[in-house]
Structures are given as C-alpha cells and as structure tokens.
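To start, the structure under review is shown below, and the notes come after it.
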Protein chains: 2
Amino acid sequence: MKQSNREVAEATGDVGRTMADTTYRRLRNDIVTGRLGAGSKLKLEGLAGIYEVGMSPLREALTRLVGDLLVVSEGQRGFWVAPLSLDELDDISRVRALIETEALNLAIRNGNSSWEAAVRQAFEALTEIESRLPQTTEPLDPEMVEDWERANRAFHAALVSASGSPMLTRLREQLYQQSERYRRVSLNASRRWRNVHDEHAAIFDATMQRNALKAARMTELHMSRTAEEVRRAMQQLAADVASLTERENAGDA
Amino acid sequence: MKQSNREVAEATGDVGRTMADTTYRRLRNDIVTGRLGAGSKLKLEGLAGIYEVGMSPLREALTRLVGDLLVVSEGQRGFWVAPLSLDELDDISRVRALIETEALNLAIRNGNSSWEAAVRQAFEALTEIESRLPQTTEPLDPEMVEDWERANRAFHAALVSASGSPMLTRLREQLYQQSERYRRVSLNASRRWRNVHDEHAAIFDATMQRNALKAARMTELHMSRTAEEVRRAMQQLAADVASLTERENAGDA
DNA sequence: CTGTCAAATAATATCGAAAATATTTGGTGA
DNA sequence: TCACCAAATATTTTCGATATTATTTGACAG
C-alpha cells in the first residue's frame with residue numbers, strides 16, 4: 001500500500017508547511033527570545049534576505065505576528081517589533097491572571113484522571129529541570145533556559161488543558177507568549193534566577209487537591225511575583241540606558 | 001502653510017489605507033453579515049476578481065481574518081469562511097461574558113464623568129433606535145438592522161471604554177465581533193426581533209448607580225439570553241435543512 | 001464493480017519586478 | 001540661521017506570471 005504525499009506529510013507532521021508558516025515561526029521565535037529587539041524596524045528587503053524568502057510570504061508572516069501583538073505596523077510605513085512597556089506588562093499580567101484562573105477553575109472541575117496524569121507528568125519534568133538550575137548567580141546556560149522555558153510552558157498548558165474551552169485556550173496561549181517575551185527580558189538583563197519552584201509546587205498541590213480557590217490564588221501570586229521581577233529588571237535596564245546616554249552626552253560636550 | 005500629503009491623510013482619516021486593509025474590511029463585513037456563508041470556500045482567484053485586488057493584499061487580508069477567527073486556513077489547501085457551531089456559540093458567549101464583566105467592573109471603578117456622559121449618550125441613541133423597531137413580526141428593514149447593530153456596538157463599547165485595559169478592550173472587541181456574527185444568523189433566520197431594550201436599560205441603570213455586581217449580573221443575563229435565542233435559531237435552521245434534504249432524497253428515490 | 005494509478009486540471013503559494021508612497025538630502029530665499 | 005521645497009533616494013505595496021501542490025478525471029487491472 002503506497003502512501004500519498006499528503007499521508008506521508010501527515011505522518012511526519014509537516015502537512016501544509018509553507019514558506020509563510022516557517023518564516024512566521026522563525027520570526028516569532030526571534031522576537032520572543034529577544035534576538036530581534038523591541039521597537040526595532042523590520043525592513044522588508046533585509047528580512048527577505050535573512051530568512052531567504054520572498055515578499056509575499058514574509059508579509060504574510062508579519063501580518064500574523066501583528067495579530068499576535070508581537071509586531072506593530074503602520075500602513076505604507078512598515079513593520080516594527082512591538083515595543084515593551086511597564087504599563088503593558090501590568091495589563092498583560094492582570095488579564096492573563098484572569099484568563100488563566102478561569103481556565104484552571106474549569107479544568108479542575110472537568111479534568112479526568114488522564115488530565116491529572118498529564119499534569120503530574122509535566123510537573124515532574126519541570127521539577128527535574130528546576131532542581132538542576134544553579135542556585136548561585138552563575139551565567140545562565142542558554143540551552144538550560146530553553147529547556148526550562150519549554151517545561152514551564154508545558155506545565156502551565158497541562159494545568160488548563162481540561163478547561164473544555166477552545167477560546168480560553170487560545171487567549172491563554174496568546175497571553176502566555178506575551179508574558180514569556182517580557183520574562184525573557186528580565187532573564188537576559190538580570191542574569192539571575194528567581195526560585196519559582198515553590199510557587200509551581202503550590203499551584204500543583206492545590207490543583208491535585210481540586211481546590212480551585214487556592215489554585216487560583218496561587219496562580220495569581222505566581223504571576224504577580226513574576227511581573228514584579230520583570231518590572232524591576234526593566235526599570236534597572238532603563239536606568240542603565242539613561243546613565244549610559246548621559247555619559248555619552250558628557251563625552252560629546 | 002501647505003500641508004503634506006501625510007497631514008492631509010491624517011486629517012481625513014485615511015492615513016496608510018492600503019489595498020490589503022480595504023480588502024480586509026470588506027471581507028470582514030461580508031463574513032460578519034453573512035453575505036459570505038459559514039464554511040464556504042474562499043477561492044483566491046475568484047475573490048481577487050470580485051474585490052479587484054491582487055494576490056498579495058488579498059492573502060494579507062485573509063491572514064488577518066484568520067487571526068480574527070472569521071476565516072480558517074489550511075496550508076496548501078486554502079481558505080474557508082469559519083464554520084459556525086453550537087458548541088462554539090456557547091464557548092464564545094461564556095468567555096465574552098467573563099471578559100465583558102471584568103471590563104465593566106473596571107470601568108465602573110475607574111470611569112469619570114466624561115465616561116458617564118458617553119455611556120448615557122450611547123444609551124440614549126440606542127433607546128431611540130430600539131423604540132422605532134417593529135413590535136410585530138414584520139420583515140426587518142436591513143438598513144434599520146445596520147443602524148441597530150451600530151448603536152448596540154457603540155453602547156457596549158462605551159460601557160467598558162473606561163476599563164483602562166487595552167488588552168481587555170482588544171479581547172472584548174474580538175469576542176464582540178464573533179457574537180455579532182452568530183447573532184446575525186438568528187436575525188437572518190428567524191426574522192423576529194427579541195426585545196432587548198429592557199436588558200440594556202438594566203445594564204445601563206446598574207452602571208450609572210456604580211453597582212458593579214448588579215451590572216455584571218445584568219450583562220451575564222443579557223448575553224446568556226442572546227445566546228439562547230441564537231441557539232434556537234440555529235437549531236431551527238439545522239432542522240429545516242435536514243427535512244429539506246430528506247425530501248430531496250425521497251424525490252430521487 | 002471497485003480500487004489504484006497517472007495524466008490532466010485546478011488551485012494555492014511564491015517570486016521578482018513595477019508602481020506607489022514615504023523619507024532624506026541639499027539647495028534657495030527670507 | 002531657519003523654514004520651505006523639490007529632487008534624489010529608500011522603502012513599502014502591489015501586480016501578474018511561474019512554480020508548487022492538491023484535486024479530479026478517466027483508463028485499467030483485479
């Protein structure tokens with residue numbers, strides 16, 4: 001029995017992969033990780049060269065990213081990496097807490113044993129990685145950061161995976177990605193690691209006990225603390241830039 | 001003092017209008033109003049002809065609509081108007097209630113007197129239109145439907161305009177649009193008008209009294225009732241289609 | 001008849017150049 | 001020196017043709 005191209009593609013998981021789609025993912029990654037800096041101009045010709053792609057798929061990818069709030073555009077003036085701001089950090093954090101607690105609440109109500117197993121598995125994987133993280137102020141291994149990001153994302157996704165609401169799931173993912181982008185700023189800037197394992201454990205425990213109220217409170221706490229950490233890092237960064245600019249101006253004068 | 005082209009464009013409000021943008025709005029309107037039926041295939045060449053536009057801006061418009069959940073796409077297979085379903089109706093209604101009550105709560109806490117004035121003005125405009133609506137089962141004047149849709153949208157937007165949260169505002173708009181699309185199905189199908197003015201008045205009164213809890217309850221009630229109405233219309237529609245199909249099959253046999 | 005395959009057809013996705021628009025540069029007059 | 005303007009340049013947007021992929025058709029074997 002010979003397989004059609006489509007069947008092969010489905011089996012290997014790259015069905016319908018287009019240039020636009022691939023470029024979208026690459027750009028998204030480069031923005032979330034900070035390789036493309038907040039606020040920087042995205043010149044089309046330049047990007048087309050770098051990502052080896054034509055205008056049409058490139059613009060399609062950028063248009064999708066505008067929808068994700070990772071890119072901003074102005075007609076006839078082009079595209080920029082979306083700027084970061086303290087106000088937006090607060091806004092995102094609060095709305096994300098709203099969505100995430102609602103989704104977790106539903107998941108706790110609806111989740112069956114296979115959901116429980118998936119949550120436990122994701123938590124254990126995360127625990128394993130967090131236990132290996134340096135307790136001291138060492139330079140963070142970029143690969144370890146990626147591993148942790150993946151595990152953290154998987155844990156939070158698993159928690160709410162039984163919400164039964166595709167719309168909440170979608171909104172949660174969008175907001176998670178926004179948060180991740182802000183979080184990575186603080187990681188890159190402060191080079192310090194906040195111990196979050198206790199917070200994850202508290203959320204996990206409350207969830208396994210099916211204590212929705214406590215799980216929501218722990219989730220809110222986790223998010224507000226993370227936001228606070230990011231806020232500090234961003235303020236520090238802004239202060240650094242300011243003093244650097246001042247010194248430069250002094251040098252010029 | 002001569003104005004630059006850009007300044008003129010800013011004054012007239014059509015700054016940066018591109019083909020992609022115009023086509024996006026036209027397509028969006030045609031989908032929300034139902035002129036492009038749920039689930040129908042969107043063939044690129046056909047659309048390019050109808051909207052008199054090339055491939056690039058057309059695809060860009062469709063890509064934006066995918067982000068709005070008004071269109072679905074599959075790589076290498078193209079675009080379809082997003083289907084409608086009862087499950088999705090429930091999902092959207094519930095999440096919209098969550099977002100909208102949160103935003104209204106914030107607006108009631110933060111709103112100043114100019115917000116109050118804007119809400120009152122929007123409510124009065126809506127009241128005026130709703131008072132003119134036929135009480136009997138008459139054929140609905142399409143122009144009046146448009147007027148009502150505009151006023152209804154403006155009223156609900158005014159209510160939450162002081163939430164102070166750009167993210168909530170954005171999510172609310174997306175969800176409002178989804179709801180509108182479902183609502184129009186029931187309008188087109190049932191040809192009957194549910195009297196919603198009392199519900200709007202209840203929301204308005206509670207809001208003006210700064211009674212956040214009551215305003216939220218009235219909002220939830222308004223939305224669940226609307227969803228129920230749409231649900232009935234969709235079920236009726238499905239039943240009609242089924243009996244029609246049956247008759248056709250009987251004719252063939 | 002039924003499933004399979006390849007050729008023919010239809011549709012989508014992509015490229016690269018042309019058109020439209022924005023921005024910068026450099027010159028002129030007040 | 002400054003504001004203004006137009007030419008030169010840079011950039012975005014759009015078009016239309018080509019390449020790629022999916023779908024349909026129809027012939028053939030089992």
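Sequence lines set the chain letters: A, B, ... in the order given, protein chains first and strands last, and positions in each chain run from 1.
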Atom CG of A:Leu47 and atom P of C:dT14 are separated, to the nearest Å, by 16 Å
Taking only N/O atoms, report every protein-nucleotides 11-13 of chain D pair under 3.5 Å with atom names and distance.
residue	atom	partner	partner atom	Å
D:dT11	OP1	A:Lys43	NZ	2.9
D:dT12	OP1	A:Lys41	NZ	3.1
D:dT12	OP2	A:Leu44	N	3.0
D:dT13	OP1	A:Gln76	N	2.5
D:dT13	OP2	A:Arg59	NH1	2.6
D:dT13	OP2	A:Arg59	NH2	3.0
D:dT13	O5'	A:Arg59	NH2	3.4

Residue that, paired with B:Leu168, satisfies side chain to side chain contact (heavy atoms under 4.5 Å, CB included) out of B:Ile99, B:Val160, B:Leu104: B:Ile99
Please report, rounded to the nearest Å, how far the P atom of C:dT12 is from the CG atom of B:Leu62. 10 Å
Taking atom types as modelled, find out whether A:Asn112 and A:Ser114 have a side-chain donor-acceptor pair closer than 3.5 angstrom. yes
Using residues 41-56 of chain A as the side-chain source, report each donor-acceptor pair under 3.5 Å to any protein atom, sequence neighbours left out, with the distance given to one decimal.
residue	atom	partner	partner atom	Å
A:Lys41	NZ	A:Arg77	O	3.1
A:Tyr51	OH	A:Asp30	OD2	2.6

Distance col, row A:Met167:CE vs B:Leu98:CG, nearest 0.5 angstrom, shows 12.0 Å
If only side-chain N and O atoms count, and only distance matters, is there a donor-acceptor pair under 3.5 Å linking B:Glu88 with B:Tyr182? yes
